[in-house]
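A quick write-up on the structure given underneath.
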Amino acid sequence: MSSPTQCQYWRFDIRPEVNISNDTFSLQERALGSLEEGQIRVKNIILSMDATNRLWLGEREELYMEPVSLGDSMKGFGLCEIVESRSRGFKVGQLVTALTEWAEYSTLEASAVQPFSAPTDMPLDLAFGVMSIAGPTAYHGLLNIAHPKPGETVVVTAASGAVGCIAGQIAKLSGCRVVGTAGSNEKCQYLVEELGFDAAINYRSANYEQALAAACPNGIDIQFENVGGSILDACLKRMNNGGRVVICGLISMYNSTENVPGPYMFHNSIMKRLKIEGFVILDHAADFPVMQQHLARWLQDGSVKFKLHCHEGLEHASTALQSLYTGENNGKVLVKI
């Protein structure tokens with residue numbers, strides 16, 4: 001396979017004040033230089049659009065990685081094929097996952113990529129969508145942090161999203177009563193009728209807190225949090241003694257330019273003897289193979305269902321990312337290059 005000399009990429013041009021817009025990035029072309037020892041060149045095949053991408057575009061000091069600098073290519077988690085290698089550990093044609101770029105081709109340090117193989121008879125996009133980031137995030141947060149017990153009540157916010165839908169289904173496999181929140185009646189219907197949630201609540205409804213109380217008559221034992229803000233507060237009010245709150249994401253706060261106050265019910269961390277723990281799944285990459293084995297088996301036997309929302313073509317990357325914050329996405333958002 002011949003190595004390319006030019007490629008298209010998305011450049012980060014304007015730091016968004018609130019929402020990502022069509023002016024935030026621009027599609028550019030660049031030349032590709034030669035590789036140095038220990039580097040590989042990859043063809044980016046599929047890009048994952050993740051809510052946390054918005055944080056990388058700001059100037060917050062409390063991030064788990066360096067933000068993207070203005071003028072640099074936008075970054076994202078991707079499934080890649082090696083087209084050139086100066087690393088003994090990787091060969092041309094091999095599939096890897098990495099924090100790569102919104103680009104046709106990227107030059108990466110071999111030490112920063114992970115080999116990837118899809119289970120037999122599983123489409124590549126489904127395997128990547130579940131097992132690269134979303135699946136391990138749901139698995140680790142629920143099973144390794146929350147430790148669910150049969151009969152407990154689990155609430156998953158943004159439950160129709162890539163991580164939330166898997167977390168809820170794993171909770172069901174663990175014998176729990178599972179309640180999800182989502183942003184439309186259609187998404188709530190999908191959670192109950194297709195994914196087997198016991199109840200689902202449209203967080204946009206005027207009587208959200210009453211609906212949450214009705215769906216959790218015995219309180220909440222585990223809160224799998226992806227949203228934050230008033231949604232988190234409503235759940236903290238109903239936590240049981242010894243409850244566990246897993247902070248996976250806070251998407252409602254990502255577009256804010258200032259610190260968001262709250263949660264106002266934080267005192268329940270004492271009153272209800274709560275365990276509250278946040279995590280970044282990249283810290284647990286060494287555990288991915290074990291988690292991926294379980295995820296693959298659940299997908300293959302139908303225990304876990306997963307919906308993809310794929311955009312065809314690198315030119316749609318900016319639109320695809322924006323859909324995460326408008327609710328226009330319908331499943332795990334991927335860009336196929």
Side-chain angles (χ1 to χ4, degrees), residues 48 50-52 55 62-65 77 97 99 114-116 119 127-181 195-198 219-228 231-232 235-236 239-251 263 268-269 272-301 303-306 332:
S48 173
D50 300 295
T52 190
L55 292 177
E62 312 87 0
L63 281 183
Y64 57 88
M65 57 174 275
F77 296 106
T97 56
L99 178 59
Q114 297 287 333
F116 184 84
F128 172 68
V130 173
M131 295 194 294
S132 62
I133 295 294
T137 300
Y139 185 107
H140 179 81
L142 191 75
L143 297 182
N144 295 343
I145 294 178
H147 302 292
K149 302 178 184 66
E152 291 190 317
T153 295
V154 178
V155 171
V156 181
T157 59
S160 65
V163 173
C165 76
I166 300 176
Q169 291 178 87
I170 295 176
K172 285 297 296 180
L173 291 173
S174 302
C176 298
R177 172 178 173 80
V178 182
V179 178
T181 73
L195 301 187
F197 281 53
D198 295 284
I220 300 170
D221 299 294
I222 296 173
Q223 162 71 356
F224 194 100
E225 186 55 60
N226 292 301
V227 178
I231 305 297
L232 172 58
C235 292
L236 287 175
M239 294 299 297
N240 291 328
N241 281 338
R244 289 84 78 201
V245 182
V246 180
I247 307 297
C248 175
L250 298 169
I251 192 171
N268 261 3
S269 62
K272 298 295 184 178
R273 295 83 164 170
L274 303 179
K275 171 187 175 182
I276 301 176
E277 183 172 339
F279 72 102
V280 174
I281 194 56
L282 299 181
D283 296 339
H284 308 279
D287 300 325
F288 277 25
V290 172
M291 294 188 280
Q292 288 168 339
Q293 287 179 4
H294 291 284
L295 291 162
R297 186 180 71 250
W298 290 331
L299 281 171
Q300 289 169 323
D301 67 16
S303 298
V304 168
K305 299 177 182 178
F306 195 72
K332 170 61 184 175

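Of all heavy-atom pairs spanning F224 and L142, the tightest one is CE1-N, 3.7 Å. Among all heavy-atom pairs drawn from I276 and S269, the shortest one is CD1-CB, 3.9 Å. Closest approach of F197 to G180, counting heavy atoms only: CD2-N, 3.6 Å. Pairing each heavy atom of G135 with each of L295, the nearest pair is C-CD1, 3.5 Å. Heavy-atom minimum distance, V163 versus C248: CG1-SG, 3.9 Å. A134 and G129 make their closest contact through CB-O, 3.6 Å (heavy atoms, listed as atom of the first residue, atom of the second, distance).
Considering OG of S174 and NZ of K149, their distance stands at 11.0 Å, rounded to 0.5 Å. Here R177 contributes atom CZ and I220 contributes atom CD1; the two are 11.0 Å apart, rounded to the nearest 0.5 Å. With rounding to the nearest 0.5 angstrom, the CG atom of N226 is 11.0 Å from the CG atom of L232. Here the CZ-CE distance, from R273 to M239, works out to 13.0 Å after rounding to the nearest 0.5 Å. Here NZ of K272 is found 11.5 Å from CG of L236. Values are rounded to the nearest 0.5 Å. To the nearest 0.5 Å, atoms CD1 (I133) and CG (L282) are separated by 5.5 Å.
Within the structure, side chain to side chain donor-acceptor pair (under 3.5 Å) contacts touching residues 151-168 (residues at least two apart or in different chains) are E152-R244, T157-E225. Residue pairs satisfying the side chain to side chain donor-acceptor pair (under 3.5 Å) criterion with at least one member in residues 129-144, sequence neighbours excluded, are listed as follows: H140-N144, H140-H284. Within the structure, the salt bridge (charged side-chain N to carboxylate O under 4.0 Å, His left out) test picks out no pair touching residues 154-171 (sequence neighbours left out).
At a threshold of 4.5 Å between non-hydrogen side-chain atoms, the residues I222 and H147 do not count as touching. At least one side-chain heavy atom of I145 sits less than 4.5 Å from a side-chain heavy atom of E277. Inter-residue side-chain proximity for L173 and Q169 is flagged as unmet; no heavy-atom pair is nearer than 4.5 Å. Side-chain contact between I170 and P148 is absent, with no heavy atoms from C-beta onward closer than 4.5 Å.
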Derivation and outcome, side-chain hydrogen bond (donor to acceptor under 3.5 Å, both in side chains), residues K332 and S48: CA-CA 8 Å; K332 170 61 184 175; S48 173; 2.6 Å; yes
Full working for side-chain contact (heavy atoms from CB on, under 4.5 Å) between I166 and F306: CA-CA 8 Å; I166 300 176; F306 195 72; 3.6 Å; yes
Evaluation steps, side-chain contact (heavy atoms from CB on, under 4.5 Å), between C235 and V245: CA-CA 9 Å; C235 292; V245 182; over 6 Å; no
Verdict with reasoning, V304 to L195, per side-chain contact (heavy atoms from CB on, under 4.5 Å): CA-CA 8 Å; V304 168; L195 301 187; over 6 Å; no
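Using a 3.5 Å distance cut-off with no hydrogens or angles, the side chains of S303 and D301 do pair a donor with an acceptor.
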